[in-house]
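First the structure, in the form of structure tokens, and then the observations on it.
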Amino acid sequence: TKLILLDSLLQEVSEIKMGEAEMDQIRTFKDFMANYNKLSEICFSDCVWDFTTRKVTNKESNCSLNCAEKYLKMNQRISTRFQEFQMTANENAMAQISKTGRL
């Protein structure tokens, strides 16, 4: 019976971990969609002016491309800076732990 209980417990832990992985994937997808929607909204409102024709003008098209490129570069730069900040904070925390033996 102990073996059955252990097996059951291991299966539950495995299901919980799978649930966490799925939740991480969902969270990542939601973040991606939020960024995509924000990009679309900003670039559309900034770059599309002429609603009298169905065609997108060259000026609007170029503006949209430049807007998207700037937005993506800005987003990448912010992510890089955040990662640098996190690494520095982690290094400082580890130094504090090794220095005092606690956080």
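In this text, all values refer to a predicted model and were calculated from it rather than measured experimentally.
Identified under the salt bridge (charged side-chain N to carboxylate O under 4.0 Å, His left out) test for residues 40-66, with sequence neighbours left out: none.
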Residues Cys63, Cys43; criterion disulfide bond (SG atoms under 2.5 Å apart); working and verdict: CA-CA 8 Å; Cys63 177; Cys43 293; over 6 Å; no
Tabulate below the donor-acceptor pairs under 3.5 Å that side-chain atoms of residues 23-34 make, not counting sequence neighbours, or state none.
{"residue": "Asp24", "atom": "OD1", "partner": "Arg27", "partner atom": "NH1", "Å": "2.7"}
{"residue": "Thr28", "atom": "OG1", "partner": "Asp24", "partner atom": "O", "Å": "2.8"}

What donor-acceptor contacts under 3.5 angstrom involve side-chain atoms of residues 66-76, with partners at least two apart or in another chain?
{"residue": "Asn66", "atom": "ND2", "partner": "Asn62", "partner atom": "O", "Å": "3.3"}
{"residue": "Glu69", "atom": "OE2", "partner": "Lys73", "partner atom": "NZ", "Å": "3.1"}

Expected list for residues 85-94: side-chain donor-acceptor pairs under 3.5 angstrom, two or more places apart:
{"residue": "Thr88", "atom": "OG1", "partner": "Glu84", "partner atom": "O", "Å": "3.0"}
{"residue": "Asn90", "atom": "ND2", "partner": "Gln86", "partner atom": "O", "Å": "3.4"}
{"residue": "Asn92", "atom": "ND2", "partner": "Thr88", "partner atom": "O", "Å": "3.4"}

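For Arg77, there are no salt bridge (Lys or Arg N to Asp or Glu O under 4.0 Å) partners two or more places apart in sequence or in a different chain.
If you take OG on Ser40 and CG on Asn35, they are separated by 10.5 Å, rounding to the nearest 0.5 Å.
Taking Ile, Leu, Val, Met, Phe, Trp and Tyr as hydrophobic and joining them when side-chain heavy atoms fall under 4.5 Å apart, one finds Phe44 in a cluster with Val48, Phe51.
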